[in-house]
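Heads up: the structure comes next, in structure tokens.
Note that these values count all heavy atoms, side chains included, but never hydrogens, waters or copies made by symmetry.
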Amino acid sequence: MRDNLYNSEDPALITKKFWSHVKSFSKSHRLPECMHLNDTFRNSPKDKAELFNNYFYQQFSTPSRYDIDIDWSNDQLFDIDFSPERIISLLKEVNPNKASGPDGIHGQVLKHCARSLAHPLSVIFTLSYNSGCVPKDWRTANVVPVFKKGSKDDITNYRPISLTSLVMKIFERILKDELLQLTSDLLDERQHGFLKNKSCTTNMVYFTDNISSAINNPNTYSVDVIYFDFSKAFDSVNHDLILEKLKYKFGIDGRFLNFIKNYLRNREQSVVIENCKSPSLPVLSGVPQGSILGPILFVLFINDLPSSLNAGTDIALYADDTKIWRPITSEEDHIILQSDINTLHKWSIMNKMNFHPSKCKAVSVHNRPSPLDMLPSVRFCYHLGYVLLEYADNEKDLGVIINPSLCFSEQQDALVAKANQQLGLFYGWLWLLILNSEKGATWHIGVKVTFRVLGEKYCTWRKVLHCYYTSRAVLNYSLFYKTDSFMNFHLNYYPYKRQPQKTAWLR
């Protein structure tokens, strides 16, 4: 049993096994039996897969022409090393438990046969890159619908995640490294998505530090933050536009540009639900979510978004998650911020990207009443196009709840409640294992499974809270510290209420 739960190649296997077992008894992760798209309802897995694929197809923007002019005069600048040694190191890093793509080549094969496969893959990658020919299997994706929020019955509340060839992902890793090396000096430093040493944490630390400094300025009445929401951002990127930006703004040309053009061209996707596969449909736009190269291409595509903002207005991005803010010292600052909203709206139209006006919000952060609020208008009315932006009492920003007082008590309460929920689940499964196990080793391993799962999750939450200056309140509830010894589990500090006699044996 220990061999089934521990694997040196995948340290998270014990966590995955536990949640897989728990989810097998829960319906919360499954697709509803009946789903609908507008007035069309489907019940069978095959019909649902087809309906999902039709919906995802409808989200694509206008087809591209791929008629960009490629300059071959400086092609030597885009030489890429596909040496067997480089490929071996990447193959050894493959997670063998990742799902295989449409070609059916499993990660176990790639990882354990790395030395044998490195040379032939080196030849194939070199030929593909130099010729610009991308095999069809590498341009095909099995799409899995992932729920976002709202009603689970409604297909519009799902986003597509592409399962692509693992071999192609090795190829893409090399191309991604080379692409970033060529473009890193031109990337806007306020982009925090999919880049080395950048993350949601760096985004939020930069944002909260900037806001805190501004509202502590005695001349600042408030800081107005505008949150933007793109509609199907990754799926609506126009291929012609991204190729033009790569060429004229980042200097990518020759073989590299030719390969990216053919990488984006003639792609196909099918939706897979319960082993039922829909018919393939062409991918007319967008970058594949779930690929390695796709997110970087999107970051390069959106890189020029902040370039036209007024001085004094700041911005932070995490891929397509965009927010701008400006300290308000007079009525003129409201007008300038509105002009920045108009600038971003104009950018979205020119780049064939649509905002969701109803999901775009304004939050006015302040630490004292503003004299501007005494005016008849009460609040300045920001608008996106012809739609007025609603002022929100709180907004979830990359998983962190932001409110007008910049107080994180709501975030703390939400995380503690979630931690207690997970701990309650832990106790339920712990006692079930104890009562139903025939061997002591069985429940002992079960205890270590649940402890590692919840320990890792809670440690992650603590780190996030610490980054946002909110850990002090949660430290009173501290319980888990990542360790291999279950006896270091300090039950006395556990906030979840349980009868003492039931837990005395653990002390």
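When all heavy atoms of Pro282 and Phe60 are compared, the closest pair comes out as O-CE1, 3.6 Å. Considering all non-hydrogen atoms of both residues, Ala319 and Phe194 come closest at CB-CE1, 3.4 Å. Between Leu384 and Cys360, the shortest heavy-atom distance links the atoms CD2-SG, 3.8 Å. Residue Leu180 comes nearest to Leu195 through the heavy atom pair CD2-CD2, 4.0 Å, listed as atom of the first residue, atom of the second, then distance. The shortest non-hydrogen separation linking Phe408 to Thr208 is CZ-CG2, 4.0 Å.
Using modelled atom types and a 3.5 Å distance limit, the side chains of Asn310 and Ser339 yield a donor-acceptor pair. Looking at Ser307 and Asp304, their side chains never bring a donor and an acceptor atom within 3.5 Å of each other. For the residue pair Ser280 / Ser270, a side-chain donor-acceptor distance below 3.5 Å is found, with atom types taken as modelled. Asn303 and Asp188 share no side-chain donor-acceptor pair at under 3.5 Å.
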Hey, mind stepping through Tyr221 and His366 against side chain to side chain contact (heavy atoms under 4.5 Å, CB included) and telling me if it holds? CA-CA 7 Å; Tyr221 302 127; His366 51 80; over 6 Å; no
Applying side chain to side chain contact (heavy atoms under 4.5 Å, CB included), run through Thr183 and Ile296 and close with a yes or a no. CA-CA 11 Å; Thr183 60; Ile296 298 303; 6.0 Å; no
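Here Arg190 pairs with Asp314 in a salt bridge; the nearest charged N to carboxylate O distance falls below 4.0 Å.
Two rings, from Phe41 and His36, have their centers less than 6.0 Å apart.
Judged by distance alone, with hydrogens and angles left aside, the side-chain atoms of Asn203 form a donor-acceptor pair with the main-chain N or O of Leu317 at under 3.5 Å. With hydrogens and angles ignored, the 3.5 Å screen pairs no side-chain donor or acceptor of Asn394 with any backbone N or O of Ile401. With hydrogens and angles ignored, the 3.5 Å screen pairs a side-chain donor or acceptor of Gln338 with a backbone N or O of His383.
The aromatic rings of His239 and Tyr66 lie tilted to each other, with the angle between the two planes from 30° to 60°.
Side chains of Val387 and Ser358 form no contact here, defined as non-hydrogen atoms less than 4.5 Å apart. Taking the side chain as every heavy atom from C-beta outward, Lys352 and Ser236 never approach each other to under 4.5 Å.
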Under 3.5 Å donor-acceptor pairs involving side-chain atoms of residues 223-235, not counting sequence neighbours:
{"from": "Asp224", "atom 1": "OD1", "to": "Ser222", "atom 2": "OG", "distance (Å)": "3.4"}
{"from": "Asp224", "atom 1": "OD1", "to": "Ser364", "atom 2": "OG", "distance (Å)": "3.0"}
{"from": "Asp224", "atom 1": "OD2", "to": "His334", "atom 2": "ND1", "distance (Å)": "3.3"}
{"from": "Asp224", "atom 1": "OD2", "to": "Tyr382", "atom 2": "OH", "distance (Å)": "2.6"}
{"from": "Tyr227", "atom 1": "OH", "to": "Asp397", "atom 2": "OD2", "distance (Å)": "3.1"}
{"from": "Lys232", "atom 1": "NZ", "to": "Tyr55", "atom 2": "OH", "distance (Å)": "3.0"}

